[in-house]
There are 2 protein chains.
Amino acid sequence: MQKSVSLTPLRVACSGCNLRELCLPRKLTEADLEQLDDLISLKHAYQRGDYLYRSGAKFQSLYAIRTGFFKTQVLHEDGREQVTGFQMAGEIIGLDAISSDAHTCDAIALEDSEVCEIPFSQLEELSRKLPSLQRHLHRILSREIVRDQGIMLLLGSMRAEERLAAFLLNLSQRFATRGYSPTSFHLRMTRQEIGSYLGMKLETVSRTLSHFQGIGLINIRNKSVELHNLPGLQAYVGPPPQFL
Amino acid sequence: MQKSVSLTPLRVACSGCNLRELCLPRKLTEADLEQLDDLISLKHAYQRGDYLYRSGAKFQSLYAIRTGFFKTQVLHEDGREQVTGFQMAGEIIGLDAISSDAHTCDAIALEDSEVCEIPFSQLEELSRKLPSLQRHLHRILSREIVRDQGIMLLLGSMRAEERLAAFLLNLSQRFATRGYSPTSFHLRMTRQEIGSYLGMKLETVSRTLSHFQGIGLINIRNKSVELHNLPGLQAYVGPPPQFL
DNA sequence: CAGGGATTTTGACCTATATCAAACGCACGC
DNA sequence: GCGTGCGTTTGATATAGGTCAAAATCCCTG
């Protein structure tokens with residue numbers, strides 16, 4: 001049972017939260033973890049549709065999602081909105097707000113959810129004392145940049161089918177990481193929200209999903225999806241037609 | 001000459017570089033600035049077309065652009081590429097690499113350029129000692145996330161004309177910040193690269209620029225642009241047709 | 001200063017996706 | 001259990017932008 005030696009501190013650090021993101025894999029002593037634990041002691045519950053924060057609100061804390069599902073969206077003055085991400089358990093939300101001390105997007109619960117509040121100035125203070133925590137925070141910030149670049153690639157150079165295949169595979173992989181089935185899950189978001197995220201209209205999302213179902217790649221009924229052919233979906237994300 | 005009191009340390013901190021990004025506005029003592037100065041002592045020159053780093057290369061340092069112009073691009077396996085940004089003097093490049101200790105994109109000089117190398121582990125170490133530097137680093141990372149979200153909005157929900165208008169206005173504003181003309185400048189990148197960045201084909205970029213010229217918004221001859229009507233361009237970025 | 005490759009412009013045509021519209025179905029509240 | 005309304009599917013049509021092609025222009029090298 002050597003493994004549990006490294007698992008135990010994870011639980012300690014997050015007061016029972018399952019927060020892979022903030023739980024450092026090593027190099028933290030029990031005392032360190034206790035400090036981190038104190039920091040993340042505030043917990044909040046949100047119902048479907050609740051705002052975790054709104055664009056323009058003063059920035060105080062990051063939030064680690066304990067359970068549930070959120071979307072983040074930026075609003076253009078004219079009413080257009082762009083969903084910038086779907087966040088699930090273990091992910092950190094609010095990173096965009098550090099730059100200007102104010103939130104730059106809305107975060108809305110897509111299902112009943114719980115989050116741990118992480119007061120940012122305290123996190124900064126602690127991360128000055130714990131190099132390993134500091135490094136982790138930097139990685140989280142940088143990972144978000146890499147994720148965004150991936151979405152830029154998706155939006156800038158992929159076709160609707162490719163985007164949707166990439167989206168389904170991304171969800172699949174994230175569910176798998178959390179111990180859920182990678183091939184059978186519920187979509188928490190509407191076609192409209194998927195479309196906003198992927199830069200397409202809800203009708204196109206619906207049509208494309210139907211198409212995937214038609215060729216046996218997936219089975220979709222309302223919000224529940226089954227991925228029948230992961231390699232088949234992968235093929236869409238890969239080379240475009242002219243390279244096949 | 002009170003002003004020069006705050007200006008002087010800036011110069012010290014960057015050994016003559018004009019690096020707004022890393023130069024902290026306050027709260028650093030002379031001694032602090034000297035340490036920062038030591039850190040950023042390595043300088044390198046690149047010619048047009050040179051790679052600052054390549055995707056996959058081990059991450060060691062961030063780079064502060066002293067003079068010149070770079071592009072960053074991510075490559076899809078199949079050969080598709082997406083330009084993820086155009087960086088100019090005073091901007092920090094390489095932030096994406098922190099997450100995995102390896103660069104995730106290529107950075108290529110679009111003109112002869114100079115950069116200051118900032119060894120990251122030393123920057124982390126120093127930022128543990130200087131809260132003000134730590135905060136600044138976090139802001140830089142977060143600002144990149146905000147920028148990327150803006151591009152997601154652009155790619156996901158704007159039309160070609162709107163994207164290009166937004167792009168020109170963004171360049172305009174960044175040149176202005178650096179003391180150059182906001183209405184007359186040289187594009188360092190090709191139509192192809194602009195297109196990649198904005199999710200459109202080079203022909204569409206060219207056509208749209210011609211269109212802007214046709215209606216008197218801009219004058220463009222090859223790489224030199226003059227913006228004749230900033231509010232006119234702004235109007236494109238704003239509300240879409242149905243809201244006008 | 002001339003030649004040649006790269007970049008840009010412009011035109012004609014085509015296609016992926018948007019738009020508009022209608023029917024359907026699931027979920028929630030009464 | 002039964003409307004009622006939001007979300008979804010599907011169809012018909014329109015269009016922004018892509019594709020292909022050719023000419024024009026620029027810029028670098030010899």
Side-chain angles (χ1 to χ4, degrees), chain A residues 47-49 71 80-83 108 110-112 154-168 186-215 218-225 236 240-243, chain B residues 47-49 71 80-83 108 110-112 154-168 186-215 218-225 236 240-243:
Chain A
Q47 297 194 310
R48 190 151 92 87
K71 70 167 175 179
R80 269 180 293 191
E81 64 183 50
Q82 171 75 28
V83 172
I108 300 162
L110 294 179
E111 64 182 19
D112 293 358
L154 181 139
L155 291 173
S157 65
M158 289 170 76
R159 294 172 321 105
E161 283 181 347
E162 301 174 308
R163 293 179 206 183
L164 203 50
F167 174 70
L168 291 172
H186 280 261
L187 299 173
R188 270 74 172 185
M189 67 296 286
T190 66
R191 304 287 189 267
Q192 161 103 265
E193 288 163 337
I194 296 172
S196 171
Y197 184 54
L198 299 179
M200 55 212 250
K201 294 288 145 159
L202 70 94
E203 294 95 327
T204 308
V205 173
S206 177
R207 269 185 243 279
T208 308
L209 288 173
S210 298
H211 174 64
F212 283 166
Q213 179 161 254
I215 58 178
I218 69 172
N219 192 55
I220 184 160
R221 178 173 180 75
N222 225 5
K223 306 249 193 225
S224 53
V225 207
Y236 273 98
Q242 69 267 31
F243 287 97
Chain B
Q47 298 195 310
R48 189 152 94 85
K71 71 167 175 179
R80 268 182 292 191
E81 65 181 50
Q82 172 76 26
V83 171
I108 299 163
L110 294 178
E111 64 182 19
D112 294 358
L154 180 140
L155 291 174
S157 65
M158 290 171 75
R159 293 172 321 106
E161 282 180 348
E162 301 173 308
R163 293 179 206 183
L164 203 49
F167 174 70
L168 291 173
H186 280 261
L187 299 173
R188 269 73 172 185
M189 66 296 284
T190 67
R191 303 287 189 268
Q192 160 102 266
E193 287 163 338
I194 296 172
S196 171
Y197 184 55
L198 299 178
M200 54 211 252
K201 293 289 143 155
L202 69 95
E203 294 96 326
T204 307
V205 174
S206 178
R207 269 185 244 279
T208 307
L209 288 173
S210 298
H211 174 65
F212 283 166
Q213 178 161 254
I215 59 179
I218 68 171
N219 192 55
I220 185 160
R221 177 174 180 74
N222 224 5
K223 306 250 191 226
S224 54
V225 206
Y236 272 98
Q242 69 268 31
F243 287 98

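Just so we're clear, the structure is a prediction, and the values are computed from it rather than from any experiment. In what follows, every chain begins at residue 1, and chains take the letters A, B, ... in the order their sequences are listed.
Side chain of R163(B) to backbone of M158(B): a donor-acceptor contact under 3.5 angstrom is found. With hydrogens and angles ignored, the 3.5 Å screen pairs a side-chain donor or acceptor of S196(B) with a backbone N or O of V83(B).
Distance check, rounded to the nearest 0.5 Å: CZ of R221(B) to CG of L209(B) gives 14.5 Å. Summarising the geometry, atom CG belonging to L202(B) is positioned 5.5 Å from atom CD belonging to Q192(B); distances are rounded to the nearest 0.5 Å. Taken from CG in L187(A) to CG in L110(A), the straight-line distance is 11.0 Å, to the nearest 0.5 Å. Within the model, atoms CD of E162(B) and CG of L154(B) stand 8.5 Å from one another, a figure rounded to the nearest 0.5 Å. To the nearest 0.5 angstrom, M189(A) atom CE is 4.0 Å from F167(A) atom CZ.
Remark: K223(A) is in phosphate contact with dT8(D), judged by side-chain N or O atoms under 4.0 Å from OP1 or OP2.
Within residues 202-211 of chain B, the residues approached by DNA chain C to less than 4.0 Å at the level of any non-hydrogen atom are L202(B), E203(B), S206(B), R207(B), S210(B), in residue-number order. Residues of residues 186-200 of chain A that place a heavy atom closer than 4.0 Å to DNA chain D, in numerical order, are T190(A), R191(A).
Rounded to whole Å, atom P of dT8(D) lies 15 Å from atom NZ of K201(A). In this entry the distance linking CD of Q213(B) with C1' of dT8(C) reads 13 Å, nearest Å. As rounded to whole Å, 17 Å separates atom C1' of dA18(C) from atom CE of M158(B). For the pair F212(A) CZ and dT9(D) P, the computed distance is 14 Å after rounding to whole Å. Taking atom CZ of residue R159(A) and atom C1' of nucleotide dG18(D), one finds them 12 Å apart after rounding to whole Å.
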Can you build the contact string for nucleotides 24-30 of chain C? Use B for base contact, S for sugar-phosphate-only contact, and - for no protein heavy atom under 4.0 Å. --S----
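Residue pairs satisfying the side chain to side chain donor-acceptor pair (under 3.5 Å) criterion with at least one member in residues 200-211 of chain B, sequence neighbours excluded, are listed as follows: E161(B)-H211(B).
Judged as a side chain to side chain donor-acceptor pair (under 3.5 Å), and not counting sequence neighbours, Q213(B) has no contacts. The side chain to side chain donor-acceptor pair (under 3.5 Å) search around E111(B) returns R188(B), not counting sequence neighbours. For D112(B), the side-chain contact (heavy atoms from CB on, under 4.5 Å) test picks out Q47(B), R48(B), with sequence neighbours left out.
Residues L198(B) and V205(B) have side chains not in contact (no heavy-atom distance under 4.5 Å, counting atoms from C-beta outward).
Between its opening and closing five pairs, the helix from dC1(C)-dG30(D) to dC30(C)-dG1(D) changes axis direction by 50°, a value rounded to 10 degrees.
Within a 6.0 Å sphere centred on CD of E81(A), heavy atoms belonging to other residues, nucleotides or ligands number more than 12.
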